[in-house]
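The structure under discussion appears below in the form of structure tokens.
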Protein chains: 2
Amino acid sequence: MERVFSIGKLAEASGSKVETIRYYESIGLLPEPERNAGNQRRYTPRHYDRLAFILHARDLGLSTEAVRQLIDLSLHPDMPCRDADEIARRQLEDVRQRIARLKLLEAELERTLSSCTHGTIAECKVIEALAQCGACERHHRPPR
Amino acid sequence: MERVFSIGKLAEASGSKVETIRYYESIGLLPEPERNAGNQRRYTPRHYDRLAFILHARDLGLSTEAVRQLIDLSLHPDMPCRDADEIARRQLEDVRQRIARLKLLEAELERTLSSCTHGTIAECKVIEALAQCGACERHHRPPR
DNA sequence: GCTTGAACCTATAGTGACTACAGGAATTAT
DNA sequence: ATAATTCCTGTAGTCACTATAGGTTCAAGC
């Protein structure tokens, strides 16, 4: 007999939530587990492994769609791994862009904050700075 | 007579979209503009300024709720600006955490990719690395 | 003045990735 | 045996938009 456990235990062990697990099942990322006599889900360590994979990949910022692709790939072990590699590479590209973008925002918020002298709203630089452009990336110009 | 312009022109000038502008009106971030004889919205430069403020703050990562708070604050110019300052400060904190988090992910993806030798899926390190923990921050341990 | 096509209108539904709730049934602890 | 907890399904809500349908108005060319 194999060790099985409830959805609550799986949630606890994986650091996720019961609802999230059911959600992953509903979108087909987690296989439907066996049920006990009372219709409750019974999970095996293989479910834990799959869930850990999903959670980790999501944590890394991959979309559920990317995760689905990786799972599909892993079910075809004799295919070349260029595709999995490509997914990771695209993700790295994306992460780097997000970092660069956030650093701009950080600088602008710092600038915004350092100019605040804690007077009244009327002379508050935070709101003023937010109303202006600074290192802003959107391309717009006031209507003439 | 004041210069007025259509929602399309406002979208173009601000670098946003017609639908987004109507959405901001619907959630009360943008005041309802006047309408012309044919029920079409006519905007003034003041609308442009407000919209630019919203878009810029959103760009900086503020939630629409935070933007709403800032707008409310700006309508009370004689209040102390500590509140506006606090909103920006919380946001900076948040941005810094996101950067730190993304840098961990970047390192892990780099590690993942550098170990890929382009064999078959069966020996692919990308999927393997994603299944494991590395610099992962979620707290979980396999079920015993 | 008329026609055509672009831009506008409202209302509703869809997105992603969950989260929360209602109203029960099953399990576990005492 | 009873009470508390956990589980079930199904539906609706979240955020910040985006898209679509089906209709009206506007601006330009003839």
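Just so you know, these numbers use all the heavy atoms, side chains as well, and skip hydrogens, waters and symmetry mates. Computed from a predicted model, the values in this text were never measured in an experiment. Note on naming: letters A, B, ... go to the chains in the order of the sequence lines (proteins, then strands), and numbering restarts at 1 for each one.
When rounded to the nearest whole Å, the span between CG of Leu29(A) and P of dG16(C) equals 12 Å.
Annotation for Tyr43(A) and Pro33(A): closest pair CE2-CG, 3.5 Å, computed over non-hydrogen atoms. Nearest heavy-atom pair, Val18(B) versus Gly8(B), reported as atom, atom and distance to 0.1 Å: CG2-CA, 4.0 Å. Nearest heavy-atom pair across Ser16(A) and Leu55(A) is CB-CD1, 3.7 Å.
For the atom pair CG (Leu92(B)) and CD (Glu106(A)), the distance works out to 6.0 Å, reported to the nearest 0.5 Å.
Looking at Ile7(B) and Gln40(B), their side chains never come closer than 4.5 Å, going by heavy atoms from C-beta outward. Taking 4.5 Å as the limit, some side-chain heavy atom of Leu70(B) sits within range of a side-chain heavy atom of Phe53(B).
Protein chain A contacts DNA chain D over a range whose 5' and 3' limits, counting nucleotides with an atom under 4.0 angstrom from a non-hydrogen atom, are dC7(D) to dT9(D).
For the helix from dG1(C)-dC30(D) to dT30(C)-dA1(D), the end axes, each set by the C1' atoms of five terminal pairs, are bent relative to each other by 10° (nearest 10°).
Within the structure, every side-chain polar atom (N or O) of Thr64(A) is placed at least 4.0 Å from both OP1 and OP2 of dG16(C).
Sequence order on DNA chain C of the closest nucleotides to Arg42(A) and Arg42(B) puts Arg42(B) first from the 5' end. Nearer the 5' end of DNA chain C, as judged by each residue's closest nucleotide, is the contact made by Lys17(A), out of Gln40(A) and Lys17(A).
Annotation: proximity of residues 19-28 of chain B to DNA chain C (heavy atom, distance under 4.0 Å) is found for Arg22(B), numbered in ascending order. In the region residues 30-39 of chain B, proximity to DNA chain D at under 4.0 angstrom, judged on heavy atoms, holds for Asn36(B), Gly38(B).
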For residues 21-32 of chain A, please give each side-chain donor-acceptor pair under 3.5 Å, one per line with the distance, not counting sequence neighbours.
| unit_1 | atom_1 | unit_2 | atom_2 | d |
| --- | --- | --- | --- | --- |
| Glu25(A) | OE1 | Arg41(A) | NE | 2.8 |
| Ser26(A) | OG | Tyr23(A) | O | 2.7 |

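Counting only residues at least two apart or in different chains, salt bridge (Lys or Arg N to Asp or Glu O under 4.0 Å) contacts with residues 62-72 of chain A comprise Glu65(A)-Arg68(A).
Salt-bridge check for Glu86(B) with Arg90(B): passed, with a basic side-chain N closer than 4.0 Å to an acidic carboxylate O.
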